[in-house]
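Below is one structure, written out as structure tokens; comments come after it.
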Amino acid sequence: SSLALPMPSGTYTYWCTYPRPLSVNGIKATFNIPSVQDGKVSGGADIMIATPVQGGALKSIGEEHENASLSLRMNHMLHQFRFYIPHTDELLSDEKLERIIAVFPKSVAGKVEYNLMNPSVAPVLSEGESQMELRLAEPIGRSTDSAFQYACMAFLPSKFDSGQMLYLKAYTDNKIAEIVPVDLRARDFQAGHS
């Protein structure tokens, strides 16, 4: 951050986010969970909010001051769902997955509002979408015993009931595969977990 003027002496509450919020209203910030991602949780697909800390006024880099060691702990606010293709899979042969569509039983992407002063407060999702699409920046193939090729998607932490299904469709350069629907079996996808 670049400040136009020096900060007056005093005690301040510091927090930061990644990425920059779409909007901020008081202590509430709105972000976008993209429904189309690259499989690497990059380009603003993940949302992180620091636990607020108090400290004195910030000075220029290199100046001696009490906050020379200001430290912020970032919290991952989304669930990071990481997966790979087992080496025993015979359907792909030597092809690589380039695109995956996942349809959840409820909205997991869209505009989401967080409390910046208390990241543990439950977020509020609006303009939600239940379909996620991965357009893989690096297509993945079958893993080997010693090397796993992973892809990842970030979505709103969600709890599902037994009997709620996840529908998946995967694409290679030459094939389309509809995977047998996955029963989410009361899964609780928590923030920061994979």
Side-chain angles (χ1 to χ4, degrees), residues 1-5 7 12-61 67-84 97-140 149-160 166 168 187-194:
S1 170
S2 296
L3 301 175
L5 298 168
M7 294 173 69
Y12 294 86
T13 300
Y14 292 96
W15 52 267
C16 69
T17 71
Y18 173 84
R20 174 180 242 156
L22 297 174
S23 64
V24 177
N25 183 8
I27 62 170
K28 295 185 177 176
T30 301
F31 299 86
N32 182 53
I33 304 170
S35 60
V36 178
Q37 299 179 14
D38 67 2
K40 296 199 163 290
V41 191
S42 62
D46 194 12
I47 297 172
M48 293 184 284
I49 300 175
T51 301
V53 296
Q54 290 196 328
L58 296 178
K59 307 284 184 187
S60 297
I61 294 174
N67 281 321
S69 63
L70 178 66
S71 178
L72 296 166
R73 186 176 71 83
M74 300 297 283
N75 303 288
H76 285 276
M77 306 309 294
L78 302 182
H79 180 81
Q80 293 187 10
F81 185 70
R82 188 171 74 160
F83 58 92
Y84 65 93
L97 290 182
E98 297 179 352
R99 187 171 158 235
I100 301 165
I101 294 177
V103 180
F104 289 85
K106 63 182 173 183
S107 295
V108 293
K111 301 278 190 290
V112 64
E113 182 182 84
Y114 285 98
N115 182 318
L116 295 172
M117 293 299 111
N118 187 354
S120 65
V121 170
V124 177
L125 183 69
S126 63
E127 300 177 33
E129 297 180 54
S130 60
Q131 179 173 300
M132 302 280 298
E133 180 178 353
L134 292 181
R135 295 179 188 161
L136 300 178
E138 291 182 21
I140 61 171
Q149 296 180 39
Y150 290 99
C152 188
M153 75 171 70
F155 56 87
L156 186 72
S158 303
K159 188 172 186 175
F160 297 96
L166 172 63
L168 297 162
R187 286 285 309 264
D188 187 1
F189 294 99
Q190 297 180 15
H193 291 77
S194 59

For the student: nearest non-hydrogen atoms of [X] and [Y], plus distance:
X: Phe160; Y: Val108; answer: CZ-CG1, 4.2 Å
X: Ala45; Y: Ala154; answer: O-CB, 3.7 Å
X: Tyr150; Y: Arg82; answer: CD2-CG, 3.5 Å
X: Leu78; Y: Pro157; answer: CA-CD, 4.0 Å
X: Ile140; Y: Ala151; answer: CD1-CB, 4.0 Å
X: Met132; Y: Ala109; answer: SD-CB, 3.5 Å

Does CD in Gln131 sit with more than 12 non-hydrogen atoms of other residues, nucleotides or ligands closer than 6.0 Å?
yes
NZ (Lys106) with more than 12 external heavy atoms under 6.0 Å
yes
How many angstroms lie between atom [atom1] of [X] and atom [atom2] of [Y], to the nearest 0.5 angstrom?
X: Glu127; Y: Asn32; atom1: CD; atom2: CG; value: 8.5 Å
X: Arg73; Y: Met48; atom1: CZ; atom2: CE; value: 12.5 Å
X: Ile100; Y: Leu168; atom1: CD1; atom2: CG; value: 8.0 Å
X: Leu156; Y: Leu125; atom1: CG; atom2: CG; value: 5.5 Å
X: Leu134; Y: Phe83; atom1: CG; atom2: CZ; value: 5.0 Å
X: Met74; Y: Ile47; atom1: CE; atom2: CD1; value: 11.0 Å

Scan Cys16, Pro123, Pro119 and name whichever one has a side chain to side chain contact (heavy atoms under 4.5 Å, CB included) with Ile49.
Pro119
For Asp46, which of Gln80, Lys40, Gln37 qualifies under side-chain hydrogen bond (donor to acceptor under 3.5 Å, both in side chains)?
Gln80
So does [Y] get a backbone contact from the side chain of [X], meaning a donor-acceptor N/O pair under 3.5 Å?
X: Tyr12; Y: Gln54; result: no
X: Tyr18; Y: Ala50; result: no
X: Asn115; Y: Met117; result: yes
X: Thr17; Y: Pro19; result: yes
X: His79; Y: Gln190; result: yes

For Phe155 and Phe81, take the angle between the two ring planes, folded into 0 to 90°, and tell me which bin it lands in: parallel under 30, tilted 30 to 60, perpendicular over 60.
tilted
